[in-house]
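Okay, structure first, notes after.
Whatever order the structure lists them in is the order used to number ligands and atoms, beginning at 1. In this text, all values refer to a predicted model and were calculated from it rather than measured experimentally.
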Amino acid sequence: MRSKQLYINTIGCQMNVYDANQIAGVLAPLGYTGTDAIESADMVVVNTCTIREKAEQKAFSFLGRLAKSKKDNPAMIIAVGGCVAQQEGQAILQRMPHVDLVFGTHAIFRLPEMVRRIEASRCRIVDVRLSETIEIDDPTVGSLVDGQVAAFVTIMRGCDNYCTYCVVPHVRGREASRRPDRIVDEIRLLVAEGIREVTLLGQNVNSYGDKEGLCTFTELLERVNAIDRLGRIRFTTSHPKDLSEDLMRAFGRLEKLCRHIHLPVQSGDDEILRRMNRKYTRADYLNKIERLRKVCPEIAVTSDFIVGFPGETERQFQRTLDLIETVRYDGLFAFMYSDRPLAPASAFSAKIGDAVKKERLQALLDLQETITREKHADMVGRILRVLVEGTSRDVDLPGSADQSRNIRWTGRSSSNHIIHFSAPQEGSPEKEVLTGKFADIMIEGAYAHSLWGRMVDRSEGSTSEKGEASIAA
Ligand code: SF4
């Protein structure tokens with residue numbers, strides 16, 4: 001079989017990153033292998049996102065530029081997948097004559113058949129069928145990068161929550177969970193390929209298995225925790241209303257579960273939360289944070305915020321700032337509200353102007369930056385265990401006396417802090433020295449978004465850190 005080149009451009013969330021890997025995996029039997037050279041690619045897949053207007057514009061502008069590539073190379077197959085494909089369907093073919101295939105979020109496993117048909121007859125295809133259940137649930141590893149130590153594993157798809165600003169239930173369909181044995185099999189395959197950390201993905205992992213009567217999410221975590229040679233488990237995303245006592249307690253007892261939770265709150269004001277259809281109050285949320293910190297005092301907490309939701313007053317925005325000061329997050333993602341097609345909030349009145357939204361976003365980010373700096377300063381002098389992800393040539397490490405004799409590495413702590421550190425160079429090739437292994441790092445300083453330090457012997461200092469099994473890869 002002739003080897004064919006596949007170029008994938010992924011925009012958006014971790015779910016799309018996972019899907020890109022699945023796409024590469026299902027197309028491999030047709031002879032497609034990954035390439036970074038778009039001009040000579042036999043097939044280009046644009047894996048799109050519609051969560052915000054900007055992401056959608058980015059997808060269309062990339063697709064627009066592909067018209068010239070197709071003119072230069074008419075045999076090239078251009079495919080559009082992901083949430084914009086699901087949302088727009090046939091309209092993409094009408095708008096973009098150079099596109100051959102539009103496939104929705106549930107159509108990935110039907111891709112090989114569609115691509116074969118296009119290769120044979122140069123037809124144009126749209127497949128945006130959504131299904132209630134996961135029809136094909138084969139454990140798939142897809143294409144891993146040389147030296148990759150962490151991977152995403154989707155455990156469920158879709159969402160039943162219908163937050164009023166969100167398109168996900170409309171473009172990813174209703175909630176459906178994968179079987180736990182398939183998930184465990186997939187992680188075992190990844191571990192056999194050298195993966196040491198997995199992030200379990202779902203729009204709301206807390207309701208994993210509910211509909212199908214499978215095991216609970218905590219029971220799934222227990223099964224994953226028992227996988228030999230897996231070092232760490234992360235998960236995202238948790239809906240605060242469904243965060244169970246059981247799951248909170250898991251942070252105190254599952255040794256591979258990282259001490260970090262991403263718990264999107266979106267707003268600190270009860271009226272805005274009600275109009276967002278979030279189904280929890282500020283007090284409920286704060287109560288859960290308190291419980292989490294009681295069970296696991298070292299847990300890092302991050303969140304998502306939307307500023308400028310329709311009708312958001314200055315007083316309501318101040319409640320959000322107040323919530324941030326109360327929780328003192330380890331990090332956050334914040335976005336200006338934008339109308340999305342299909343989302344009910346698009347029809348809400350009292351839209352907030354761009355200038356106010358920008359101002360609020362900046363105030364929120366400034367506040368979090370101050371908190372992050374203070375929290376980072378508190379970490380100096382501590383020893384954190386990191387899973388080493390690779391080298392970081394471009395990062396200067398202040399205080400490293402002779403950088404030419406050291407290699408600079410990057411890893412993540414259990415709390416999900418990015419940590420750069422130096423270690424003495426040894427004779428063997430760089431990648432074989434530390435990538436995929438755990439190292440103990442004395443924190444010596446902080447940048448705005450990361451920490452730096454030096455590798456130490458654990459006997460030099462602090463107590464051991466939870467959140468990892470002590471495996472050496
Ligand atoms: S929980 Fe809300 S914000 Fe999250 S995916 Fe579902 S509808 Fe969207």
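Taking backbone and side chain together, Cys159 holds no N, O or S atom under 2.8 Å from atom 8 (Fe) of ligand 1.
Neither the backbone nor the side chain of Pro264 has any atom closer than 4.0 Å to an atom of ligand 1 (non-hydrogen atoms only). Using a 4.0 Å cut-off between heavy atoms, Tyr165 contacts ligand 1 through its side chain alone, with no backbone atom that close.
The pair Glu88-Arg95 does not count as a salt bridge, with every side-chain nitrogen at least 4.0 angstrom from each carboxylate oxygen.
Every atom of ligand 1 with a heavy atom of Pro169 under 4.0 Å away is listed here by number and element: 7 (S). When each atom of ligand 1 is checked for a heavy atom of Tyr162 under 4.0 Å away, the hits are 7 (S). Within the listing of ligand 1, atoms 5 (S) sit less than 4.0 angstrom from a heavy atom of Gln203. Every atom of ligand 1 with a heavy atom of His239 under 4.0 Å away is listed here by number and element: 1 (S).
A cation-pi arrangement is absent between Arg278 and Tyr285, since the terminal nitrogen or guanidinium carbon is not both under 6.0 Å from the aromatic centre and inside a 45° cone about the axis. With a 6.0 Å cutoff to the six-membered ring centre and a 45° limit on the axis angle, Arg52 counts as a cation-pi contact of Phe335.
A donor and an acceptor atom, one from each side chain of Gln362 and Asp366, are located under 3.5 Å apart.
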**OP:** Let me see the working for Asp378 and Lys375 under salt bridge (Lys or Arg N to Asp or Glu O under 4.0 Å), right down to the final yes or no.
**Re:** CA-CA 5 Å; Asp378 286 348; Lys375 291 195 117 178; over 6 Å; no

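For atom 8 (Fe) of ligand 1, the nearest non-hydrogen atom of the protein is Cys166 SG, 2.3 Å. Ranking the protein heavy atoms by distance from atom 2 (Fe) of ligand 1 puts Cys163 SG, 2.3 Å first.
The 12-atom threshold is exceeded at CD of Glu245, counting heavy atoms of other residues, nucleotides or ligands nearer than 6.0 Å.
Judged by distance alone, with hydrogens and angles left aside, the side-chain atoms of His106 form a donor-acceptor pair with the main-chain N or O of Ser131 at under 3.5 Å.
Taking all heavy atoms of Gln266, Arg278, His170 into account, the minimum distance to atom 4 (Fe) of ligand 1 is reached by Arg278.
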